[in-house]
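Just so we're clear, the structure is a prediction, and the values are computed from it rather than from any experiment. Every heavy atom of this structure was used, including side-chain atoms; hydrogens, water molecules and symmetry mates were not.
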Amino acid sequence: MKLRFFHFGILFLICTACTKLEPKLYSDLTTENAYSTESDLQAALTGTYASLGPYPGDAYLYYAGYLVMITDYATDMGFSTAAGNPTQLSNFTYDENNRYFKSNWQNMYQVIANANELIENTGAVDGMAEENKNLVLGQAHFLRALAYHDLTDGWGPVPLVTTVGNPAESYNVPLSAVEQVDSLIHEDCLFAASVLPETWSSELGLARATKGAALTLLGKNYMRAHKYEQAKIYIDQVLALRDKGVYKLNPDFKNEWSESNKMDKGMIFGILHESSLNGGEIANHFGPTDHPEVTDRWQYYGVSLQFWRKFDERDPRKKFFYYNYEGKAARDASTKHGFYYMVPEPGQTKAPNDTTKFLQNIATKKYSYEMINASYLDGRTIQVFRIADVILCKAEIENALVGPAAGLPYINEIRERAGAPLLGSGADFPAPATQEEFIDALVDERGFELVFEYKRKADLVRLGRYEAICNAYLKARGLTPKVTEKLQYFPYPLDEANLHQEMAAANAQRLP
């Protein structure tokens, strides 16, 4: 789908001339008539998709980048060299005024508000086939469920808004328990799965929500609550779609991220950018600094050295990063050579010479691999759900319900695809003998496979490893271990808490 942002408001096109200054009215859209035709609904639906990655032509918010700061930072994975809000998340020194809390919160509720508008107005459109109405409604319900899942991952209890209301009367809405929000997510996903197709025809657009996307979200939501028997029902249905040929694990993990392979068969749901239409800044934020091939990028979002070192040298995914390279920019006026950027050994503090610089973090290749368009506005695809994640979900489910031997084939399927040694293949890679050992192996494997795909914090919390792993990470960096169970959820954004007594009271327990 070519994502462009459509605003519904009053549109006046004024034609002026030297002798006649009366405006010519081309259309008069209001809140009363904006949702009166099928084309109105399709435009509004396009806008709802676009609100997953706001600012078309310069996207960098929510799934276009900002989400990583509340999913992979404040864990052992992300480390930023940028001062201020990013560093606060890297160091667990954040407060309720952090801009990433405010921005992501607002963007998530924007998706919800847009979806609510569609859900409330679609039924009243005359002359539209019932099947087409259901297709619009199915997508709106899925998008609302996705935003609420993200909200509850980040903040737990949140205001549950399911109708269109007056914004002036929307403050201080009571917080709803996660279980109550989950019930809505289940209803939304079940409806979406019942009406959405397995695939869309190309003329109807790309990157739309599908039956498989709704089933994936539903299964993952049950997993979050440790309701593995229910989760198995829906994750198995997604895997059945793979058996049917709807999805396919790419034999080369790198090719899933090639710009020439925008719609990989392993992608279940994602955000498609086109540099000439709705390009995003994704490669700028995640790309390497001063690289000879991938140029003019910022490395604003980088993987921590501590996390990267967890990869085994025999795992090809460890090489899917930018490190140990000579920069493009000349280091001084007397040479054409750039600085050499290298990863220091643990404990190494002094560079071997004055032409070498130590990397403080490492840029992933995922969002700049085999770039075709090197412009500021790139055409990368952001994968929200993909089949590799679902296979690892299956591993988790089988371990929980049956035991480690039942889950092992699924972890090894992902490792084999990556070219990494299989668990159980030798003394260096033993097969997990207990459910707890399996969880430890799964935490590592999900990290290796899903680097910077907005999964790390939720994985650590769900699998019971958040405190231990994050505190070990802080200790390795020479910082005070301070992560406790109360940091499972972030503080509510300050602007919201100032108007909401429940949020203000909760924040006192959510600050590092």
Derivation of the side-chain contact (heavy atoms from CB on, under 4.5 Å) call for F269 and L146: CA-CA 11 Å; F269 180 67; L146 177 64; 4.1 Å; yes
Derivation of the side-chain contact (heavy atoms from CB on, under 4.5 Å) call for I411 and N399: CA-CA 11 Å; I411 277 191; N399 177 60; over 6 Å; no
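- Summarising the geometry of N98 relative to Y100, their closest heavy-atom pair is OD1-N, 3.0 Å, with the distance given to 0.1 Å.
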If you apply the rule side-chain hydrogen bond (donor to acceptor under 3.5 Å, both in side chains), what do you find for Q306 with D76, and how did you get there? CA-CA 7 Å; Q306 288 75 17; D76 61 327; over 6 Å; no
Apply salt bridge (charged side-chain N to carboxylate O under 4.0 Å, His left out) to D236 and K232, showing your working. CA-CA 6 Å; D236 281 353; K232 176 181 170 63; 3.2 Å; yes
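- Between T152 and R224, the side chains place a donor N or O and an acceptor N or O closer than 3.5 Å (distance only, hydrogens not considered).
- More than 12 heavy atoms of other residues, nucleotides or ligands lie within 6.0 Å of NZ in K310, so this atom counts as buried by the packing criterion.
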Under the ring pair (Phe, Tyr, Trp, His ring centres under 6.0 Å) criterion, do F307 and F79 qualify, and how do the steps go? CA-CA 10 Å; F307 178 84; F79 177 79; over 10 Å; no
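- Of the charged side-chain nitrogens involved, at least one lies within less than 4.0 Å of a carboxylate oxygen, so that D315 and R317 count as a salt-bridged pair.
- Side-chain contact check for Y228 and E396: at least one donor-acceptor pair (N or O, by modelled atom type) lies under 3.5 Å.
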For R417 and E413, what are the C-alpha separation, side-chain angles and deciding distance, and is it a salt bridge (charged side-chain N to carboxylate O under 4.0 Å, His left out)? CA-CA 6 Å; R417 189 277 290 263; E413 182 178 359; over 6 Å; no
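- Between D459 and R446, at least one side-chain nitrogen of the basic residue sits less than 4.0 Å from a carboxylate oxygen of the acidic one, meeting the salt-bridge criterion.
- With hydrogens and angles left out, the side-chain atoms of N261 and D264 include a donor and acceptor closer than 3.5 Å.
- Figure legend: cation-pi geometry between K357 and F339, with NZ or CZ positioned under 6.0 Å from the six-membered ring centre and within 45° of its axis.
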One pair to check against side-chain hydrogen bond (donor to acceptor under 3.5 Å, both in side chains): Y322 and S368. What are the steps and the verdict? CA-CA 10 Å; Y322 298 100; S368 54; 2.8 Å; yes
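- A donor-acceptor distance shorter than 3.5 angstrom exists from the side chain of D72 to the backbone of R456, with no hydrogens or angles considered.
- If you look at Y301 and F452, their ring centroids are not closer than 6.0 Å.
- Between the side chains of N353 and T356, at least one donor N or O lies within less than 3.5 Å of an accepting N or O.
- A ring-centre distance under 6.0 Å is not found for F101 and W105.
- Checking side-chain atoms of N471 against main-chain N and O of V483 turns up a donor-acceptor pair under 3.5 Å.
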Salt bridge (charged side-chain N to carboxylate O under 4.0 Å, His left out) between E453 and R386: does it pass, once the steps are laid out? CA-CA 10 Å; E453 294 184 51; R386 60 189 180 97; 2.7 Å; yes
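- Remark: side-chain polar atoms of T71 are paired, donor with acceptor, to backbone N or O of L67 under 3.5 angstrom.
- Of the N and O atoms on the side chains of H285 and E281, at least one donor lies less than 3.5 Å from an acceptor on the other residue.
- When each of F311, F358, W308, Y341 is checked for a ring-ring contact (aromatic ring centres under 6.0 Å, His included) with Y323, only W308 meets the rule.
- When all heavy atoms of L450 and K366 are compared, the pair lying nearest together is C-NZ, 3.5 Å.
- With hydrogens and angles left out, the side-chain atoms of Q88 and D95 include no donor and acceptor closer than 3.5 Å.
- Side-chain atoms of E259 come within 3.5 Å of backbone atoms of I372 as a donor-acceptor pair (strictly under, hydrogens ignored).
- Checked against a 6.0 Å centroid threshold, the rings of F253 and F320 count as neighbours.
- Between Y340 and Y325, the ring center distance fails the sub-6.0 Å criterion.
- Summarising the local packing, NZ of K328 is surrounded by 12 or fewer heavy atoms from other residues, nucleotides or ligands at distances under 6.0 Å.
- Smallest separation of non-hydrogen atoms from T364 and F321: CA-CD2, 3.6 Å.
- Listed by chain and residue number, Y492, R510 satisfy the side-chain contact (heavy atoms from CB on, under 4.5 Å) test with A506 (two or more places apart in sequence, or in another chain).
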Go through L392 and Y410 one step at a time and tell me if the side-chain contact (heavy atoms from CB on, under 4.5 Å) criterion holds. CA-CA 6 Å; L392 291 174; Y410 299 100; over 6 Å; no
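- Side-chain polar atoms of N91 and T93 form no donor-acceptor pair below 3.5 angstrom.
- Around the NZ atom of K482, the shell of radius 6.0 Å holds more than 12 heavy atoms that belong to other residues, nucleotides or ligands.
- Between F92 and Y466, the ring planes lie tilted relative to each other; the angle falls in the 30° to 60° range.
- Around the NZ atom of K248, the shell of radius 6.0 Å holds no more than 12 heavy atoms that belong to other residues, nucleotides or ligands.
- Side-chain polar atoms of D182 and N221 form a donor-acceptor pair below 3.5 angstrom.
- For the 3.5 Å distance criterion, the side chains of Y62 and D150 qualify, holding a donor opposite an acceptor.
- The pair E345-R309 does not count as a salt bridge, with every side-chain nitrogen at least 4.0 angstrom from each carboxylate oxygen.
- When all heavy atoms of P288 and R297 are compared, the closest pair comes out as O-CB, 3.2 Å.
- Counting non-hydrogen atoms of neighbouring residues, nucleotides and ligands closer than 6.0 angstrom, the CG atom of N498 exceeds 12 such neighbours.
- In this structure, Q435 places its CD atom where more than 12 heavy-atom neighbours from other residues, nucleotides or ligands lie under 6.0 Å away.
- Dense packing is recorded around CD of E437, with more than 12 heavy atoms of other residues, nucleotides or ligands lying under 6.0 Å away.
- For Y63 and Y454, the gap between ring centers is short of 6.0 Å.
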Kindly determine whether Y247 and V390 satisfy side-chain contact (heavy atoms from CB on, under 4.5 Å), including the steps that lead there. CA-CA 11 Å; Y247 307 117; V390 172; over 6 Å; no
Determine whether E256 and K265 satisfy the following criterion, salt bridge (charged side-chain N to carboxylate O under 4.0 Å, His left out), listing intermediate values before the conclusion. CA-CA 8 Å; E256 290 195 41; K265 288 277 285 185; over 6 Å; no
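- Atom NZ of K262 has more than 12 neighbouring heavy atoms from other residues, nucleotides or ligands inside a 6.0 Å radius.
- For K220 and D389, the salt-bridge test passes: some basic side-chain N is under 4.0 Å from an acidic carboxylate O.
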